[in-house]
Structure formats: C-alpha cells, structure tokens
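One structure is given here, and the rest of the page talks about it.
Numbering of ligands and ligand atoms starts at 1, following listing order.
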Amino acid sequence: MTALDKNSLVAVIGGGAMGAGIAQVALQAGHPVALFDNRAGGAQQAVQGIVHQLERQVEKAKMTESFFDDCLSRLHSVESLGQLAHAGLIIEAIVENIDVKRTVFQDLEDICEPTCILASNTSSLSITALAASLKRPERLVGMHFFNPAPLMALVEVISGLATDESVAECIHATAIAWRKKPVRARSTPGFIVNRVARPFYAESFRLVQEQVSDPATLDALMRDAGGFRMGAFELTDLIGHDVNYAVTCSVFDAYYNDTRFQPSLIQKELVDAGRFGRKSGRGFFEYHDGAVKPEPKVLKASGGFDRCVVEGDLGAAHGLVARMGKAGIEVVLRGGSGLLHAGEAVMAMSDGRMACQRAREDGLQNLVLFDLAHDFNQTNRLAITWASNTSEQARADAVALLAQLGIQTSAVADVPGLVVLRTVAMLVNEGAEVVLHGVSSAADVDLAMVAGVNYPIGPLAWADSISPKAIFDCLEHLQASYGEERYRPSLLLRRITQEGRRFHD
Ligand code: NAI
C-alpha cells in the first residue's frame, strides 16, 4: 500500500502538546500542513511553537535554512474547519471526550471530500464507537502517536470494526514515510502499549504492598537486572500518579474488572493524598529542594570461591557460567537440574515457586533463589531470596559468589517469581493475550513495547529467548501460590509451550 501523497494537505485539529507535535512530524515529512484549534489564538500559538522547535533544529545544525524556509511556506493555521475541504488526511488531537470528538468528525465529514482519511489520536476511546455516528465510518482510523510526537517513534494504527483495510494500510505506510515505526492493532481498550504495560506497574506496586522490598530497591532491580529504562516507582512519579492511575482504572473498567488489570490501592492512596509525583513535589519519592533519593538496599559480601559446581543447565542464567570462568573460578559441570553450588549455598534461578516451597518439594537444603536478569553476561545486580531453613553461611556464600562476578545482591522476601521474572512473565502473558485475540501480531506487540516504552526487548521475543515454558511454569506457580485468576497463563502461551514452539517461529 502506498503512503499518502506528499502534496496532500494534512490537517491537524487541536493545537495542544500532541496536535502541535503531530503537525511538526507531517511538516518535516514534506506535506502542506494546516492547524485548527477552537481556542482563540490556539492554532497560531501552536504554529509559533512549531516554528520555535524548527529554529532550534537549525541552530543545532540538524536542519538546513532552506528546508526551514520550505517548512514555513507549507505551514499555516486556519480559522474554521471549512478551510480544510481539500485535506487528504485530517488527524484529530483534541480533548479526550467522545461526544466532542464525534461532533468534530461529523462536521468534517460534511466538509471534506469522500476520499479524505479521518484519523484520531485518542489514547483510550474506541475507534469503533467514534466511527459509529459517521456516514462513512470506513474512512476513520486510529493514529495514536506517543508524547512527544516528534521524538517518539511508535505510532499505533488502530482499525475499528468498520475501518476499511486500505485506509489502515495507507496510514501505516504514511507513518513509515514519516520515519515512524507503526504497528497495526484492532480497536480494543488500551490498544497495545497501554494494555501490555499494565503489569509493569502492577507487579511492582504489589511487591511493595506485600512488603517484599522498598521502591528504591525494586526500581534498581528493574533497571539494572531487568534492563528497563526506569523502575515502576520513578516512572509513575514522572508520568504523574493521577494520570497513570486513571489509565489503569479505565483499562480495568473496559475489561469488565478483569483482575489482571486491577488498580493498586497504594497508588490510589498517593492520588488521594495529592502526591502525584514530580509535578506535586512528592510521590513514592520526594522532589523538593534538598530531597535525597533513597539508595537501593544491598547485601554486604565477604570471601570468595576458587571452585563451584554447576549441575545441569542453568537455563536463562547460563551466562553466569562464563562469568565464573572469567573470574578465575574453576567450574565443575555435572548432570542435574539447573543448580549452582557455591560453598554451602545451593543456588537456582526462580521458577515461580517460593524458596520454601521449592526447597521442600525438591528436597533441597540451603536453597538460595535468584531472579531473572535481562542479560546474565552483563547484569550488575540481582534479587535473591532463600528458604527459612537456609543457613546463614549459605546465604553469605551466595552473596559472595555473585559479588565475585561483579553482581550486587538485594534480598527480597520469599515471594513467587521474585521481581523481574514475575513482571516479565506477566508482560509476556498480556502480549500473548493480544495475539490470541487477534488484536495484533507478535512482531507488532514486541515493536510497540520497544519503540513506545523503551523496553530492552519485546516481551514475546524475551519469552522466546528464555523459553516460553519457563514463563508458563512461572505463571502456573504464581497462580497456584496466590490462587488468583490474575496469573492464569494465556491459552496461547499454553499452546506454544505444549507444541514446543516459540512466539516468533
Ligand atoms: P491538550 O489539552 O494539550 O490539547 C488539546 C487541544 O485541543 C487544546 O489546544 C484545545 O483548545 C483543543 N480543542 C479542544 N476541543 C476542541 C475542538 N472541539 N475543536 C478544536 N480544538 C479543540 O491535549 P493533548 O495532550 O495534546 O491530547 C490531545 C489528544 O491526544 C487526546 O485525545 C489525548 O488523549 C491524546 N493523546 C495524548 C497524549 C499525551 O501524552 N498527552 C499521548 C497520546 C495521545
């Protein structure tokens, strides 16, 4: 499918943060661009803002003067929707209210040519519902940019029930021509990113609620071991708890209170207290002048080993074996079930069972469990936990070995799936549901989470790299431990595991 012709007029309705950003993207891609806002002076203000952004690019030598002049000649504000009669594409980025948006689209339909594509930048409203009152619902599509639109690569292209396939394909091709990374999805609550990302916040909040660890330590684990740009606490402090909590509530409502999306009471408490995060000076952390961010808790290490024994395959953690070799530790390999012996410690990566349960079921003494890391060859931090009958010496031995490999350890309470593993398992599970329900493809789910929220790897590719079975087992153990629907593995994950396949086979 071909992209919208460069000479086609792109109109943007709404000159706020998103509208101005989208207009700038279309302008830099070479289109003539018109901006409309119903607030007096709103469109001119947005145009001035765009010009300022382009000037900064010229100053930084990221744009030539001649291209700047060319852009200026193609950008203008309009005073009425009537001036948009010849637009090829109209992108709406106004207030998030279905009635107001519907009225604007109905007005536009009467003004524009039948071939004009109408797109909405809505992040939460149904494209199907927005199109329902239109004469030509097949011409409406979701074109969901991320903030700030000129910088964020992801665009979710959303098809409602009536959206013509050629319209969605044209918007997909147009987004590529605009140097974006588009993904396709059916109109369902949260689309891809705002749905699949929910457990990223929910699992961390739950861990604090269950007193497993503190926000600073959990954030550090998600960053350094998980490979995420930020942990859930610092990220929601940045987003604003009012905004993040409202999105969670809207997704929870839209999925008929499915417990997978259940909002967190500790976040509600922050909202109730007006502790919205950075913008109000306090959220999980404090941001006033002189505020000191708490340090993650780390266990002290002493001693080290000349020799360790590895029984069987350590699975995702096999990178530790090479690291032991590099650290000058003699590694004795034996058959077995994925255990690492260091002094008294019997160490294993979490499989989703609590240490106390695994020690009893597998008949293991001195068990120390460690968490998943995005890259065991590189990680400098890991969460560990142990069974109540694990000796003090065994705990110290596990900490000492990891320190010898350059890995700091943070002790967390004995919970199923520890920190990174359970969060990743839930991200995979939600991604699998999106694919199972035909909302999007595995490739697009992964692309969306990398390009939209900077995950170190797409969740489904992550499952493939560890083994979908390890994720499946973790979820089954979480479900058994909590007795909650929330953790039930997706049917697609179960099927893939049974068939010995991967998401990207
Ligand atoms: P904003 O409040 O900054 O801007 C909205 C603009 O629309 C205002 O300038 C307002 O005067 C104008 N407006 C309101 N009603 C109008 C109407 N009937 N006709 C013409 N103009 C009208 O809002 P923002 O943040 O730019 O969001 C706009 C849309 O983009 C919303 O649907 C929002 O859900 C969506 N979105 C927002 C993101 C964000 O991070 N802010 C991210 C992705 C989507």
Side-chain angles (χ1 to χ4, degrees), residues 11-26 34-50 53 77-84 87 90-112 118-127 129-131 133 140-158 171 175 180 182-183 185 187 189-195 197 235-236 238-251 254 276-279 448 451-454:
V12 178
I13 316 294
M18 292 308 293
I22 295 166
Q24 185 185 330
V25 171
L35 240 158
F36 173 76
D37 197 296
N38 71 348
R39 184 167 40 91
Q44 289 95 320
Q45 206 181 333
V47 165
Q48 280 162 14
I50 295 168
Q53 291 299 323
S77 56
V78 296
E79 296 301 318
S80 77
L81 293 180
Q83 292 169 267
L84 305 177
I90 303 182
I91 306 170
E92 163 279 310
I94 64 168
V95 57
E96 190 77 341
N97 174 308
I98 192 159
D99 295 324
V100 181
K101 285 188 196 281
R102 273 180 166 162
T103 307
V104 166
F105 282 125
Q106 282 163 350
D107 291 348
L108 288 170
E109 217 178 19
D110 291 337
I111 292 162
C112 299
L118 301 177
S120 175
N121 184 49
T122 180
S123 42
S124 65
L125 301 173
S126 156
I127 298 300
L130 274 176
S133 53
L140 185 81
V141 64
M143 193 175 191
H144 183 214
F145 289 81
F146 287 71
N147 193 11
L151 295 184
M152 296 299 292
L154 183 66
V155 176
E156 292 180 325
V157 178
I158 311 298
I171 291 303
K180 295 294 177 192
V183 293
S187 182
F191 309 141
I192 302 175
V193 169
N194 278 337
R195 170 180 179 174
L235 180 56
T236 48
L238 181 68
I239 294 169
H241 290 286
D242 48 342
V243 173
N244 185 262
Y245 178 70
V247 174
T248 304
C249 289
S250 104
V251 173
F276 298 144
R278 280 177 184 269
K279 63 186 172 189
V453 269
N454 295 316

Inset, instruction - May I ask whether Phe145 has any heavy atom positioned less than 4.0 angstrom from an atom of ligand 1? - result: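 Heavy atoms of Phe145 do come under 4.0 Å of ligand 1.
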
Inset, instruction - Hey, could you give me the CD/CG distance between Gln24 and Leu151, rounded to the nearest 0.5 Å? - result: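 The CG atom of Leu151 is 8.5 Å from CD of Gln24, to the nearest 0.5 Å.
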
Inset, instruction - Kindly compute the distance separating CD1 (Ile192) from NE2 (His144), expressed to the nearest 0.5 Å. - result: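 Taking CD1 in Ile192 and NE2 in His144, the distance rounds to 11.0 Å.
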
With the side chain counted from C-beta on, respond yes when [X] and [Y] share a heavy-atom pair under 4.5 Å apart, and no when they do not.
{"X": "Glu79", "Y": "Gln44", "result": "yes"}
{"X": "Arg102", "Y": "Leu130", "result": "yes"}
{"X": "Ser120", "Y": "Leu125", "result": "no"}
{"X": "Pro150", "Y": "Gln53", "result": "no"}
{"X": "Lys279", "Y": "Asp242", "result": "yes"}
{"X": "Glu96", "Y": "Thr122", "result": "yes"}

Inset, instruction - Indicate yes or no: does an N/O atom of Ser123 lie under 3.5 Å from an N/O atom of ligand 1? - result: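 It does: an N or O of Ser123 is found under 3.5 Å from an N or O of ligand 1.
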
Inset, instruction - Could you tell me whether Thr122 and ligand 1 have an N or O pair separated by under 3.5 Å? - result: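 The answer is no, given that Thr122 and ligand 1 share no N or O pair closer than 3.5 Å.
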
Backbone N or O of [Y] within a donor-acceptor pair of the [X] side chain at under 3.5 Å?
{"X": "Lys180", "Y": "Ala149", "answer": "yes"}
{"X": "Asp37", "Y": "Gly15", "answer": "yes"}
{"X": "Glu156", "Y": "Ile158", "answer": "no"}
{"X": "Asn121", "Y": "Phe145", "answer": "yes"}

Which atoms from ligand 1 have a heavy atom of [X] less than 4.0 Å away?
{"X": "His144", "answer": "43 (C), 44 (C)"}
{"X": "Val95", "answer": "14 (C), 15 (N)"}
{"X": "Val100", "answer": "18 (N)"}
{"X": "Gly14", "answer": "7 (O)"}
{"X": "Lys101", "answer": "31 (C), 32 (O)"}
{"X": "Arg39", "answer": "9 (O), 11 (O)"}

Heavy-atom nearest neighbour in the protein, as seen from [atom], with distance rounded to 0.1 Å:
{"atom": "atom 13 (N) of ligand 1", "answer": "Asn38 OD1, 3.6 Å"}
{"atom": "atom 1 (P) of ligand 1", "answer": "Gly16 CA, 4.1 Å"}
{"atom": "atom 30 (O) of ligand 1", "answer": "Asn121 ND2, 2.9 Å"}
{"atom": "atom 3 (O) of ligand 1", "answer": "Ala17 N, 3.3 Å"}
{"atom": "atom 29 (C) of ligand 1", "answer": "Ile94 O, 3.2 Å"}
{"atom": "atom 34 (O) of ligand 1", "answer": "Glu96 OE1, 2.9 Å"}
{"atom": "atom 5 (C) of ligand 1", "answer": "Ala93 O, 3.8 Å"}
{"atom": "atom 37 (C) of ligand 1", "answer": "Met18 CG, 3.4 Å"}

Legend entry - Protein heavy atom under 4.0 Å of atom 26 (O) of ligand 1: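 Yes.
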
Legend entry - For ligand 1, the portion of Leu125 having any non-hydrogen atom under 4.0 Å away: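 Under 4.0 Å from ligand 1, Leu125 contributes no heavy atoms.
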
Legend entry - Mode of Val104 contact toward ligand 1 - side chain, backbone, both, neither (heavy atoms, under 4.0 Å):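 It is the side chain that touches ligand 1; the backbone stays farther off.
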
